[in-house]
Number of protein chains: 2
Amino acid sequence: MATPLRIVEVDKLKTACSTCSLHELCLPAGLSANELKAMDRMIDIRRSLKRGDYVFRAGAALHALYAIRTGFMKSCVLHEDGREQVAGFHMMGDLIGMDAIGTGQHLCDAVVLEDSEVCEIPLKSLELLSREIPSLQQHFHRIMSREIARDYGVMLLLGSMRAEERLAVFLLNLSQRFAARGYSSTEFHLRMTREEIGSYLGLKLETVSRTLSQFQAQGLIAVQNKHLRILKIDSLRELVGQHGCRI
Amino acid sequence: MATPLRIVEVDKLKTACSTCSLHELCLPAGLSANELKAMDRMIDIRRSLKRGDYVFRAGAALHALYAIRTGFMKSCVLHEDGREQVAGFHMMGDLIGMDAIGTGQHLCDAVVLEDSEVCEIPLKSLELLSREIPSLQQHFHRIMSREIARDYGVMLLLGSMRAEERLAVFLLNLSQRFAARGYSSTEFHLRMTREEIGSYLGLKLETVSRTLSQFQAQGLIAVQNKHLRILKIDSLRELVGQHGCRI
DNA sequence: CCGCCGTTTTGATCTGGGTCAAAACGGCGG
DNA sequence: CCGCCGTTTTGACCCAGATCAAAACGGCGG
């Protein structure tokens, strides 16, 4: 919170979607070889970011959307009094910055939690290209829609789940996203602090800590500091299912 | 909750964006006369809906997006156990159904709270036309983005505001939306029950009722049943500002 | 016009999670 | 390798809002 945060450092590097291992997960998913080349021409800046950097800040003008190549970040909306509400955690393959298209101004900070690389996608170019490539257009719409769907899930969580359910949903979501990226679904590092988890889930850090300890005592997980292992994923699912949701 | 809900009744009526009084608020905002005519060809079904009807239901396949011509509705995601979480309230000029583009399936119910008319916008046609009309493409993107931005606001509300702040935000938001549609910003009918307000705000209906009574006792508003008058809008704004947010 | 049923209000009491406090941990810079 | 500072854990206590209960209201169908 009180750590000094550097303004983003720009390393202009040539990027190529066509050679990127994420291109089946990221924006160009499903494009032909030729279409990928067109994407390559559009995305020509890659930025390297260090922990604590901002990708963009609330209030700043929208320059581009950002596709995450590697790393981990959070986006958070800020209270006037300095408190923050984490609106999401983002990892490789995710596209961020879409909140700014409506007004031309970002409404949240995007803060790097683990050294990252992002590809800059100028909105104008994306619009231009998606007029020419229907499957890109469709995929972009799907990505925005999925963000809306995710947000509905978070509302459900914040609006009507108890602390244990929230934590279980959070862990299952991380697990599933790591799995989709080829990592272990049962063992991973939490890149964020208990306070950031709490902010995301509408809980205080003490409650997050206590609930994790409780899950550990119940044999559902093993945590030590940021290292987490899911031992009984089905029990976690049941925990959510009991008073859970259908999404 | 236990009221029997009819499956939507379809009245196929010819619609024309070019003659619709909402076209500066709705999807075709900013289009030329010729472009409006193209929109007219795309939207050829208008549906009349009665209180209690569903525009679409969670799990149903996406057929079209719906632009609200008149009326009022809520969208809600459902728990397995039957409880519901209201994700939003929608009124004329709003576009609903965008949550379904990602998966092709709706993930919430859209329930009519006040007799309504909606225009069906087939997604395929919208995609086709927005490839031809850049300003339509841009406006559609802005609308999706604004939905994301709205969702972030709701997360902030649910994640870190107290009951009074939540209610104040809710009333101010309704006020502002009615004003944008040419209605009074200080006097309007609440189309939803206390329970639905509570669900949206992550509160119980008793808390909503108590907090409204409290606002009334403080002279901030006058409520009788569903009729609401805002007496001191600035005091409401302050209430939010104190521990409030910057969006 | 009456009766019924869903909605709203208000009161009394309870509790999940917040708050305050302090100790233990752990990673990084020197 | 040590010391420091941010993070995490755990305990004790508190309170905003939930829950339970019941009365008042109001609109609609007969």
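Convention: sequence-line order gives letters A, B, ...; per-chain numbering from 1.
A/Arg194 places its CZ atom 10 Å from the P atom of D/dT10, with the value rounded to the nearest Å. Across the protein-nucleic acid pair, B/Leu190 atom CG and C/dT8 atom C1' stand 12 Å apart, rounded to whole Å. In this structure, A/Gln216 atom CD and D/dT9 atom P are separated by 9 Å, rounded to whole Å. B/Leu205 has its CG atom 10 Å from the C1' atom of C/dT9, to the nearest Å. The CE-P distance, from B/Met192 to C/dT7, rounds to 14 Å in whole Å. Rounded to an integer number of Å, the gap from B/Leu201 CG to D/dA16 P is 19 Å. Between the CD atom of B/Glu165 and the C1' atom of D/dA16 there is a distance of 13 Å, rounded to whole Å. With rounding to whole Å, A/Glu164 atom CD is found 7 Å from C/dG17 atom P.
Proximity of B/Thr193 to the phosphate of C/dT7: no side-chain N or O atom is located under 4.0 Å from OP1 or OP2. Here A/Ser209 reaches the OP1 or OP2 of D/dT9: one of its side-chain N or O atoms lies under 4.0 Å away. Within the 4.0 Å cut-off from OP1 or OP2 of D/dC20, not a single side-chain nitrogen or oxygen of B/Lys204 is found. Phosphate proximity of C/dT10 to B/Ser213: present, with a side-chain N or O under 4.0 Å from OP1 or OP2. Contact check, A/Lys226 against D/dT8: a side-chain N or O comes under 4.0 Å of OP1 or OP2.
Sparse packing is recorded around CZ of B/Arg229, with 12 or fewer heavy atoms of other residues, nucleotides or ligands lying under 6.0 Å away.
Aromatic ring pairs are classed by plane angle as parallel below 30°, tilted from 30° to 60° and perpendicular above 60°; the pair B/His227 and B/His189 is perpendicular.
Residue contacts shown for A/Leu212 are absent, as no nucleic acid heavy atom lies under 4.0 Å away. Nucleic acid contact class of B/Gly202 (heavy atoms, under 4.0 Å, all strands): sugar-phosphate only.
Across A/His106, A/His90, A/Gln85, a single residue satisfies side-chain hydrogen bond (donor to acceptor under 3.5 Å, both in side chains) together with A/Ser75, and that is A/His90.
A/Ile230 approaches A/Ser185 most closely through the heavy-atom pair CD1-O, 3.9 Å. When all heavy atoms of A/Leu107 and A/Val77 are compared, the pair lying nearest together is O-CG1, 3.6 Å.
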Worksheet item: Would you write out the dot-bracket form of DNA chain C, 5' to 3', with Watson-Crick and G-U pairs under 3.5 Å, [ ] for crossing pairs, | for pairs to other strands and . for unpaired bases?
Response: ||||||||||||||||||||||||||||||
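Ionic pairing of B/Asp94 and B/Arg177 is present here: one or more N-O contacts between side-chain nitrogen and carboxylate oxygen are shorter than 4.0 angstrom. Electrostatic pairing of A/Arg51 and A/Asp115 does not count as a salt bridge here, judged by no charged N lying under 4.0 Å from a carboxylate O. A salt bridge links B/Glu164 to B/Arg162: one of the charged nitrogens lies within less than 4.0 Å of a carboxylate oxygen.
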Check nucleotides 20-30 of chain C for protein N or O atoms closer than 3.5 Å to its own N or O atoms and list the pairs.
from	atom 1	to	atom 2	distance (Å)
C/dC20	N4	A/Glu206	OE2	3.3

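Residues satisfying the ring-ring contact (aromatic ring centres under 6.0 Å, His included) criterion with A/Phe188, sequence neighbours excluded, are A/Phe178.
To the nearest 0.5 Å, the span separating CG on A/Leu212 from CZ on A/Phe170 amounts to 9.0 Å.
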